[in-house]
Number of protein chains: 2
Amino acid sequence: MTSQALLIDRFFLPGAFTAEPREPVGVAMQFAAGEEIYAQAEPVEFVYRLVSGAVRSTRLLSDGRRQIGDFYYPGDVFGLETSETHRFSAEGLGDCQVQVLKRFAPSRSGEDRIRFDRMISAATSRELDRAQDHILLLARMTACEKVSSFLLSIANRFKAELTVLPMSRQDMADYLGLTIETISRMLGRLQADGVVEFMGCRHFRIRHRSALDRLAAS
Amino acid sequence: MTSQALLIDRFFLPGAFTAEPREPVGVAMQFAAGEEIYAQAEPVEFVYRLVSGAVRSTRLLSDGRRQIGDFYYPGDVFGLETSETHRFSAEGLGDCQVQVLKRFAPSRSGEDRIRFDRMISAATSRELDRAQDHILLLARMTACEKVSSFLLSIANRFKAELTVLPMSRQDMADYLGLTIETISRMLGRLQADGVVEFMGCRHFRIRHRSALDRLAAS
DNA sequence: CGTTTCTTTGAATCCGGTCAAGGTCCGTGG
DNA sequence: CCACGGACCTTGACCGGATTCAAAGAAACG
């Protein structure tokens with residue numbers, strides 16, 4: 001195995017980033033809260049892997065409407081857009097650390113090149129799967145179902161007793177195709193019904209999982 | 001160039017299928033209107049390329065709600081799902097001809113294998129782009145904008161004076177996340193406003209393109 | 001030519017949006 | 001340490017676009 005191959009495997013390690021790598025994997029970068037990692041319409045140069053923090057990918061329409069494509073958490077690969085330029089921008093939701101790798105490196109050839117391409121297409125496939133789930137969510141779910149399945153998917157991702165929401169209400173709204181007021185109302189309702197419990201607006205725990213599963217109804 | 005490579009290039013030729021191939025490209029199959037080409041949850045065995053007719057990919061929820069993932073027209077490759085099993089089913093909208101190629105052929109190796117993988121990932125990328133546009137449409141557009149941009153995208157695809165809608169109102173509704181009544185009303189309104197003109201419910205022409213562009217507003 | 005399926009149209013309803021006001025959380029500086 | 005200011009979140013009242021329910025009309029098919 002070449003060291004390039006090792007690098008690529010480390011970069012694309014699925015799941016959360018746990019082990020300390022012995023050698024640097026791509027270039028490590030740090031971004032502040034709200035800082036842009038790459039911009040919409042900018043040429044695609046790199047692939048990114050989130051080490052810590054959380055990232056959102058967003059798309060702006062000319063009239064100011066905003067759509068969030070996805071949220072990324074530690075271990076996720078993002079920025080792998082297929083065209084020449086980025087169709088989304090990416091911003092940190094808080095301070096975050098990112099590993100950066102050249103998207104098209106002429107130095108990569110032979111085995112390494114194949115390896116890299118295969119990993120990229122695996123990551124693209126995961127992206128497509130998530131996009132398709134997102135479509136189902138947006139097209140055929142009520143506000144309550146959207147919010148329920150959103151909470152559920154974050155909780156499932158982190159599997160901790162207490163789940164932290166790294167994004168604002170506005171971010172949730174722009175992801176789910178709702179307004180902040182509706183988000184707030186639905187969260188209030190879920191709490192009033194004893195399904196979840198909030199401690200401050202960014203921390204919650206699930207109190208009645210089967211009810212939440214039922215409400216998410218997918 | 002090996003004959004396998006030729007086959008793959010022919011199969012994945014972008015755009016409409018115009019030239020007669022000198023040799024068969026995959027296996028040609030014929031499906032009747034409404035017939036299932038592959039089923040949801042069925043293992044992925046083949047990749048498909050539409051020669052004539054039109055196809056929809058659909059997903060069914062347990063409670064009967066239906067979502068259409070996409071419509072495919074001659075020249076499009078479909079059925080390239082990333083998991084082991086199909087997350088959608090595909091059905092012909094009318095009678096249609098399809099070319100079928102094994103998704104995982106052990107006989108493909110070396111150059112051919114690379115070639116094939118590259119083509120698959122190009123097609124997957126296109127699919128992802130479309131899914132992302134679909135997300136924007138569903139999350140942030142009004143019924144009128146949805147219907148307008150739908151008509152526009154079909155018209156742009158075929159670029160004929162008179163455009164044929166191969167799908168039913170129900171199909172349009174399940175694609176756009178609306179009801180058939182709303183679809184019908186919006187089409188009626190667009191016609192009343194002189195933006196489009198319908199001849200029967202499956203044929204229309206654009207009478208005022210700039211107005212339609214403005215309504216589609218993306 | 002009759003039956004079935006699909007489409008259109010109308011009236012009433014409801015879910016989520018809009019507008020507006022008030023509350024909470026934090027960081028900053030007096 | 002507390003007061004102030006601003007950003008974010010919650011809550012209420014009202015509104016409107018899309019759905020629902022219902023029925024009539026048009027098209028497809030045997």
Side-chain angles (χ1 to χ4, degrees), chain A residues 32-34 56 63-68 91 93-95 137-151 164-193 196-204 215 217, chain B residues 32-34 56 63-68 91-95 137-148 150-151 164-193 196-204 215 217:
Chain A
R56 65 166 180 247
D63 61 3
R65 283 179 287 191
R66 191 179 77 143
Q67 178 59 34
I68 290 190
E91 295 123 33
L93 289 172
D95 297 349
L137 194 76
L138 291 169
R140 288 290 170 221
M141 303 247 166
T142 63
C144 181
E145 291 171 326
K146 286 178 179 181
V147 172
S148 298
S149 71
F150 183 77
L151 290 184
V164 180
L165 292 172
M167 72 289 289
S168 69
R169 297 289 186 265
Q170 187 64 62
D171 289 331
M172 292 174 62
D174 287 342
Y175 178 77
L176 297 174
L178 298 170
T179 61
I180 44 171
E181 292 95 331
T182 301
I183 300 284
S184 192
R185 272 186 259 273
M186 292 302 144
L187 292 177
R189 196 156 97 192
L190 288 176
Q191 172 152 264
D193 294 351
V196 298
E197 178 188 6
F198 271 81
M199 296 77 139
C201 65
R202 297 284 184 119
H203 296 78
F204 74 98
L215 287 169
Chain B
R56 65 166 180 248
D63 61 3
R65 282 179 288 191
R66 191 178 77 143
Q67 178 59 35
I68 289 188
E91 297 122 33
L93 289 172
D95 296 348
L137 195 77
L138 291 170
R140 290 288 168 220
M141 303 248 166
T142 63
C144 182
E145 290 172 326
K146 286 177 179 181
V147 171
S148 298
F150 184 78
L151 290 183
V164 180
L165 291 174
M167 73 288 291
S168 69
R169 296 291 186 263
Q170 187 64 63
D171 289 331
M172 292 173 62
D174 288 342
Y175 179 78
L176 297 174
L178 298 169
T179 59
I180 44 172
E181 293 95 330
T182 301
I183 298 285
S184 190
R185 272 185 258 273
M186 292 302 144
L187 292 175
R189 195 156 97 193
L190 288 175
Q191 173 152 263
D193 293 351
V196 298
E197 179 186 7
F198 271 82
M199 297 78 139
C201 64
R202 297 284 186 120
H203 296 78
F204 75 98
L215 288 169

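B:Met186 places its CE atom 13 Å from the P atom of C:dT8, with the value rounded to the nearest Å. Here D:dC9 presents its C1' atom at 13 Å from CG of A:Asp171, a figure rounded to the nearest Å. In this entry the distance linking CE of B:Met172 with C1' of C:dC6 reads 14 Å, nearest Å. Computed from coordinates, the A:Leu178 CG to C:dG17 C1' distance equals 10 Å when rounded to whole Å. In this structure, CG of A:Leu187 is placed 16 Å from C1' of C:dT24, rounded to the nearest angstrom. Counting to the nearest Å, the C1' atom of C:dT24 and the CZ atom of A:Arg169 are 12 Å from each other. Between the CD1 atom of A:Ile180 and the C1' atom of C:dA21 there is a distance of 14 Å, rounded to whole Å. One can place CG of B:Leu190 at 12 Å from P of C:dT8, the figure rounded to the nearest angstrom.
Note on B:Arg189: nothing from the nucleic acid sits closer than 4.0 angstrom, heavy atoms only.
Out of D:dA18, D:dT10, D:dT20, the shortest distance to the side chain of B:Thr182 is found at D:dA18. Proximity note for A:Ala143 (side chain, C-beta onward) versus D:dA18, D:dC9, C:dG16: the nearest is C:dG16. Of the candidates D:dT20, C:dT7, D:dT11, D:dT20 carries the atom nearest the B:Glu181 side chain, counting heavy atoms from C-beta on. Counting only heavy atoms from C-beta on, A:Ser184 has its side chain closest to D:dT10 among D:dT10, C:dT7, D:dT19.
Looking at A:Arg185, its side chain comes within 3.5 Å of the base of C:dT18 through a donor and an acceptor atom.
Both A:Gly200 and A:Thr179 lie near DNA chain C, and the one whose nearest nucleotide falls closer to the 5' end is A:Thr179.
Within 6.0 Å of atom CZ in A:Arg189, 12 or fewer heavy atoms from other residues, nucleotides or ligands are found, so the atom counts as exposed in its surroundings.
A donor-acceptor pair under 3.5 Å is formed between the side chain of A:Ser148 and the backbone N or O of A:Cys144. B:Glu197 places no side-chain N or O within donor-acceptor distance of the main-chain N or O of B:Gln191, the cut-off being under 3.5 Å. Within the 3.5 Å criterion, the main-chain N or O of B:Gln67 finds no donor-acceptor partner in the side chain of B:Asp174.
Within the 4.5 Å cutoff, side-chain heavy atoms of A:Met167 are placed close to those of A:Phe150.
Considering only side-chain N and O atoms, B:Ser168 lies nowhere under 4.0 angstrom from the phosphate OP1 or OP2 of C:dC6.
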